[in-house]
Amino acid sequence: MDQDKFTNIYRLPGSIQVRIGKWQQTLRGTSDLVLHQALQSRNKQYKTKALKPTGWFITPFRYEDISVTHHGRYIQTALRTMLDRKVAYKRLYLSTTPLEQAEPALIAFKKEWILKHNRVAKKYNQIKLKEFLRYATEELETLYPSIPKPQFDKALWNRLVVSELGSQKKFSDPFYVKRADRNKK
């Protein structure tokens, strides 16, 4: 048996341990049969629990995490652009809108963005989970590491944005927000 590295599988001197988040299981022995059992146990956890391997999935945003920072002449909030998910900022200048109206408008803008972002992220995560489970099953069948290093799939994300929300031409900003300015709450 090679000393290959498997995702969430750790070789100890006399055993093999499966660790995913706070969950762990230790199996005595280091043979291929024990490795097969460890991979089965790991894959069962991937399928039955909400345990997601780091780097494979996009964490949805929550409304509780909305923050608005004040910078004297303007207020702003951080978001990601819909295409390519680049970090960007939405600013409202206090010279054009009073603070009492600007802050609720910015929060409404971010809420609409979160709703759309999470809709695309849910689809992205479903596709990435299927892909990840295919690699995990391949490892179980071959006893050879085949799960690649996690990385953001920009092409998949952009395809999902276009299929879920439409072309960028329909929107006036890179965040794909339309209604927030009209629905000031």
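In what follows, residues are counted from 1 in the order of the sequence shown.
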>> As an exercise, state the distance from CG of Leu94 to CZ of Arg73, rounded to the nearest 0.5 Å.
In response: 10.0 Å

> Counting only N and O atoms by type, is there a donor-acceptor contact under 3.5 Å from the side chain of Thr48 to the main-chain atoms of Lys44?
Replying inline: yes

> Is the side chain of Thr77 donor-acceptor paired with the backbone N or O of Ser67 at a distance under 3.5 Å, no angle test?
Replying inline: yes

> Hey, does the side chain of Thr97 reach the backbone of Ala102 with a donor-acceptor pair shorter than 3.5 angstrom?
Replying inline: no

> Would you say Lys110 and Ile114 make side-chain contact, with heavy atoms under 4.5 Å?
Replying inline: yes

> Which heavy atom of Val18 sits nearest a heavy atom of Ala38, and at what distance?
Replying inline: CG2-O, 3.6 Å

> So, for His70 and Leu99, which heavy atoms are closest and what is the spacing to 0.1 Å?
Replying inline: CE1-CD1, 3.5 Å

> Closest heavy-atom contact between Leu140 and Gln40?
Replying inline: CD1-CG, 3.5 Å

> Measuring from Glu141:CD to Thr137:OG1, what's the distance to the nearest 0.5 Å?
Replying inline: 6.5 Å

> If Ile, Leu, Val, Met, Phe, Trp and Tyr residues are connected whenever their side-chain heavy atoms lie under 4.5 Å apart, and connections chain through other members, are Leu143 and Leu33 in the same group?
Replying inline: no

>> Please evaluate residues Tyr89 and Tyr74 with respect to the criterion side chain to side chain contact (heavy atoms under 4.5 Å, CB included), reporting the C-alpha separation (whole Å), side-chain torsions for both, the decisive distance (0.1 Å), and the verdict.
In response: CA-CA 12 Å; Tyr89 299 93; Tyr74 62 89; over 6 Å; no

>> With heavy-atom distances below 4.5 Å as the criterion, would you say the side chains of Phe152 and Lys154 are in contact?
In response: yes

>> Under a 3.5 Å distance rule, please check whether Glu139 uses its side chain to pair with a backbone N or O of Ile147 as donor and acceptor.
In response: yes

> So, do Leu92 and Gln76 sit near enough that their side-chain heavy atoms are less than 4.5 Å apart?
Replying inline: no

>> With heavy-atom distances below 4.5 Å as the criterion, would you say the side chains of Ile75 and Tyr93 are in contact?
In response: no

> Can you tell me if Ser15 uses its side chain to pair, donor with acceptor, with the backbone of Leu12 under 3.5 Å?
Replying inline: no

> According to the interplanar angle, ranging from 0 to 90°, do the rings of Phe132 and Tyr46 count as parallel (below 30°), tilted (30 to 60°) or perpendicular (above 60°)?
Replying inline: perpendicular

> Considering only heavy atoms from C-beta outward, does the side chain of Ser41 approach that of Gln25 to under 4.5 Å?
Replying inline: yes

> Going hydrophobic residue to hydrophobic residue with side-chain gaps under 4.5 angstrom, can you get from Trp23 over to Ile9?
Replying inline: yes

> Does Asp153 offer a backbone N or O that forms a donor-acceptor pair with the side chain of Tyr124 under 3.5 Å?
Replying inline: yes

>> Give me the atom names and distance for the closest heavy-atom approach of Leu160 to Lys123.
In response: CD1-C, 4.0 Å

> How many angstroms lie between CG in Asn43 and OG1 in Thr7, if you round to the nearest 0.5 Å?
Replying inline: 10.0 Å

> Are any of the side-chain heavy atoms of Leu106 and Lys90 separated by less than 4.5 Å?
Replying inline: yes

> Is the count of non-hydrogen atoms from other residues, nucleotides or ligands lying under 6.0 Å from Tyr63 atom OH greater than 12?
Replying inline: yes

> In terms of the angle between their ring planes, are His117 and Trp157 parallel, tilted or perpendicular, with boundaries placed at 30° and 60°?
Replying inline: tilted

> Got a donor-acceptor contact below 3.5 angstrom from the Asn8 side chain to the Arg19 backbone?
Replying inline: yes

> Taking only residues two or more places apart in sequence, or in another chain, which ones meet Arg80 in a salt bridge (charged side-chain N to carboxylate O under 4.0 Å, His left out)?
Replying inline: none

> Is any side-chain heavy atom of Leu133 less than 4.5 Å from a side-chain heavy atom of Lys47?
Replying inline: yes

> Name the one of Arg159, Arg119, Lys116 that satisfies salt bridge (Lys or Arg N to Asp or Glu O under 4.0 Å) with Glu164?
Replying inline: Arg119

> Closest approach of Tyr176 and Gly166, non-hydrogen atoms and distance?
Replying inline: CE2-O, 3.4 Å

>> Return the NE2 to OG1 distance between His36 and Thr142, rounded to the nearest 0.5 Å.
In response: 9.5 Å

> Any link between Val120 and Leu115 through a network of hydrophobic side chains (Ile, Leu, Val, Met, Phe, Trp, Tyr) touching at under 4.5 Å?
Replying inline: yes

> Donor-acceptor pair, Asn158 side chain versus Val162 backbone, under 3.5 Å?
Replying inline: no

> Atom CD1 in Ile66, atom CZ in Phe109: separation rounded to 0.5 Å?
Replying inline: 11.5 Å

>> Can a donor-acceptor pair be found, under 3.5 Å and without considering hydrogens, that links the side chain of Asp84 to the backbone of Lys86?
In response: no

>> Do Leu35 and Arg11 have side chains that approach each other closer than 4.5 Å (heavy atoms only, starting at C-beta)?
In response: yes

>> Which heavy atom of Glu138 sits nearest to which heavy atom of Ser146, and what is that distance?
In response: OE2-CB, 3.5 Å

>> What verdict does the side chain to side chain contact (heavy atoms under 4.5 Å, CB included) test give for Arg42 and Ile20, after you've listed the backbone C-alpha separation in whole Å, the side-chain angles of each residue and the deciding distance to 0.1 Å?
In response: CA-CA 8 Å; Arg42 178 199 69 179; Ile20 306 172; 3.9 Å; yes

>> I'd like to know if Arg134 pairs up with Glu131 as an ion pair, taking the criterion as any Lys NZ or Arg NE/NH1/NH2 lying under 4.0 Å from an Asp or Glu carboxylate oxygen.
In response: no

>> How long is the straight-line distance from CE of Met82 back to CZ of Phe175, given to the nearest 0.5 Å?
In response: 9.5 Å

